[in-house]
Amino acid sequence: MKYRQILDHVVLLFGVFLMMGPLVVAFLTSTYNHVTIHRQGMQFGWGGQFLDTYQTVLTQQGGFSGEITGLLMTQNSIILGIGFAVGKIVVSMTAAYAIVYFRFRAGTFFFWVIFLTLLLPLEVRILPSYEVAQQLGLLNSYTGLILPLIASATGTFFFRQFFKSVPEELLEASRIDGAGPIQFFWDILVPLSRTMMAAIFIIMFVVGWNQYLWPTIMTTEEQYFTLVRGIQSVMQQMIGADIPYYNEALAMAMLAMLPPALVILIFQRMFIKGLVEQEK
Amino acid sequence: MTTLRIKNAVKRYPNGALAVEGVSVDVEDGELCVFVGPSGCGKSTLLRMVAGLEDVTEGEVELAGRVVNDLEPADRNIAMVFQNYALYPHMSVRKNLAYGLKNRGTPKAEIEAKVQEAAELLQIADYLDRRPGQLSGGQRQRVAMGRAIVRDPAIFLFDEPLSNLDAKLRNQMRLEIKKLQRRLGVAAIYVTHDQVEAMTLADKIVVLNAGKIEQIGTPAEVYGNPATTFVASFIGAPPMNLIPAEAENGAIRLGDQTLNLGLDHRGPVTFGLRPERAHIGASGEGLRMETGVVEELGAIRLVHGRVGPHEITVTQNADQPIPGAEAVLRVEASDIHLFDAETGRRV
């Protein structure tokens, strides 16, 4: 028994080491001067330039136009992440509601059509998607960043499975209580789906936050840059005679990782709480 | 006055399956009517047709003087208690009770008063702010009933409301439902597969089998004069002994034995005898029985055995001596039920 526990811990610690090790090194390195990093590579100690570096990253106006700072990029990323996650939840919940509760003839067919779109990720259809968005005049706007991405087969699938597990009798009871379709959705299904919504929000926020290709294509004005793009532009802008600001790029990567981690930490609590409180 | 009149109701599913085949039942004011039958007999479907949760394919459902076939459940003035309670798990008990009234646009003060009244009647006033998940099975059952009561319906519909409770609580709640229904004086339909529940609760029992009515009557009628072999075997525990026999010359022939009953029926029949109506003795006149296993139930015991090749079970008071391997059943002619061997109808 005891031997097994030790073994388990060794395996877990090894996993932690693999996952957290690079993060720690990146963080420590970001506290050094960029010249040191260029000469000596990654660092394993405390460089003492923590405040300077992070302040620069957050407030320095970068890019060609100088319109963008780290803070603005964080803001853009948050808008994209939240818009992406909320949009996906709204669209997939209503789609699943239609498929599960309104047994129109081709419901199953449409569900599988939606499901098939999993085979066509953004990368495959990026040209037509861009064309449509461009003709709608959505380039360089938050709408353009978010709207074309919020249809979600995965989300629809999850909500469909969840709605199917909601007892039929609840629907019947609410019909007897005089609730119409919209009221049933709003008063019963939405509150019951809270944990599902939290789970999907976590996943989708992180996915939205990490979007790179779509924002790169959709936005050319620097005021719409997200953090993920910012990392790349920090590395890029100094290429020439100068040494790239490795420390700032690493600092930005650290910042880019923070909000998704926070979202997971915060919502995980809600998630577990919801699971425990729910009836059977 | 008649609260509910079901006229020749038929339920046919789109795939052609017939769940209910032309059923007519009247439920009088203040009457507790029990639909009883095995699973799949159409009793729940019939109830759901009254509730408006299933369409009526043919026939009419008339509630309080108006035909409600095409009305939404909420507009029918019914209240239903579901098998799994179907309480809204995310709402407090108070909100569960109030939800239907709120949707009807009842003024807030009135909702509050009605919820309070129902809660006191059901002794759930202390739990009003809890969630259903924090309540025991019996308490949830009361909340489900409370949700029905606050609506002031013309009729209550109970769909096997006690089947999720343990045996002891079930007996207690059964009695409470009956008391409550009497007190409110509102008609009710109660669906169950449990014949004990049916017998104890009902003013009127409707025995259903395969989508058709086998018999309608008071519990005493259904028990005392079962119209068919199905009713005979379904109502009463242990069930009635049914043995194929031959009627001739005013007597009944069971294998190689003959009972003289002074009947004028002839031909193949099914001989029915309730286990509790046979007097078992060591000797005398009557049916000879080979005894087998004996089950003690405390106050009574069940004696299983054979009459000729046919299995038979009789009950005996526990203070009587246990019969030997051979016993004799003394049977009164008035306790014998005869059914047509082919149609199963009472002769």
Side-chain angles (χ1 to χ4, degrees), chain A residues 89 93 96-97 100-109 158-159 161-201 267 269-280, chain B residues 14 44 47-48 50-54 71-93 95-106 111 130-137 140 143-148 150-151 153 155-157 159-161 164:
Chain A
I89 288 172
M93 257 185 109
Y97 183 51
V100 174
Y101 287 97
F102 298 87
R103 289 169 196 135
F104 54 99
R105 237 184 244 166
T108 321
F109 172 75
F158 281 140
F159 278 113
Q161 295 311 102
F162 176 73
F163 289 166
K164 284 193 156 194
S165 75
V166 171
E168 186 91 343
E169 289 183 335
L170 276 187
L171 172 66
E172 291 170 353
S174 72
R175 274 181 73 190
I176 289 177
D177 273 342
I182 293 172
Q183 261 179 310
F184 174 68
F185 183 71
W186 195 248
D187 288 347
I188 315 288
L189 275 186
V190 170
L192 283 181
S193 311
R194 267 181 328 194
T195 53
M196 272 299 287
M197 286 158 77
I200 291 188
F201 184 85
F267 277 83
R269 272 210 188 145
M270 238 184 82
F271 190 61
I272 291 166
K273 202 174 139 210
L275 281 183
V276 173
E277 268 187 6
Q278 208 168 36
E279 186 190 5
K280 281 189 268 187
Chain B
S44 281
L47 186 81
R48 293 163 57 84
V50 175
L53 298 170
E54 300 272 2
L71 288 183
E72 274 293 303
D75 304 328
R76 288 191 179 198
N77 205 11
I78 50 121
M80 188 155 170
V81 177
F82 292 88
Q83 181 174 358
N84 302 321
Y85 323 124
L87 300 175
Y88 310 121
H90 58 289
M91 294 186 192
S92 66
V93 170
K95 284 191 177 149
N96 262 289
L97 296 186
Y99 188 62
L101 297 176
K102 203 183 96 194
N103 288 342
R104 281 183 175 182
T106 315
I111 294 180
R130 295 205 197 158
R131 297 259 179 100
Q134 298 164 294
L135 302 179
S136 70
R140 283 185 215 178
V143 176
M145 289 199 297
R147 190 166 64 177
V150 292
R151 295 176 58 93
I155 191 164
F156 286 121
L157 308 175
D159 190 5
E160 309 213 15
N164 279 1

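Every chain is numbered from 1, with letters handed out A, B, ... down the list of sequences.
With a threshold of 4.5 angstrom between heavy atoms, B:Gln83 approaches chain A through its backbone and through its side chain. B:Ile78 touches chain A through backbone and side chain together, each having a heavy atom under 4.5 Å away. In this structure, chain A has no heavy atom under 4.5 Å from any part of B:Arg76. At a 4.5 Å heavy-atom cutoff, the contact between A:Gln183 and chain B is made by backbone and side-chain atoms alike.
Between B:Arg151 and A:Asp177 a salt bridge is recorded (basic side-chain N to carboxylate O distance below 4.0 Å).
For B:Gln134 (side chain) and B:Arg131 (main-chain N/O), a donor-acceptor pair under 3.5 Å exists by modelled atom type. The closest donor-acceptor contact from the side chain of A:Ser193 to the backbone of A:Leu189 lies under 3.5 Å.
Separation of the A:Phe159 and A:Tyr97 ring centroids does not fall under the 6.0 Å cut-off.
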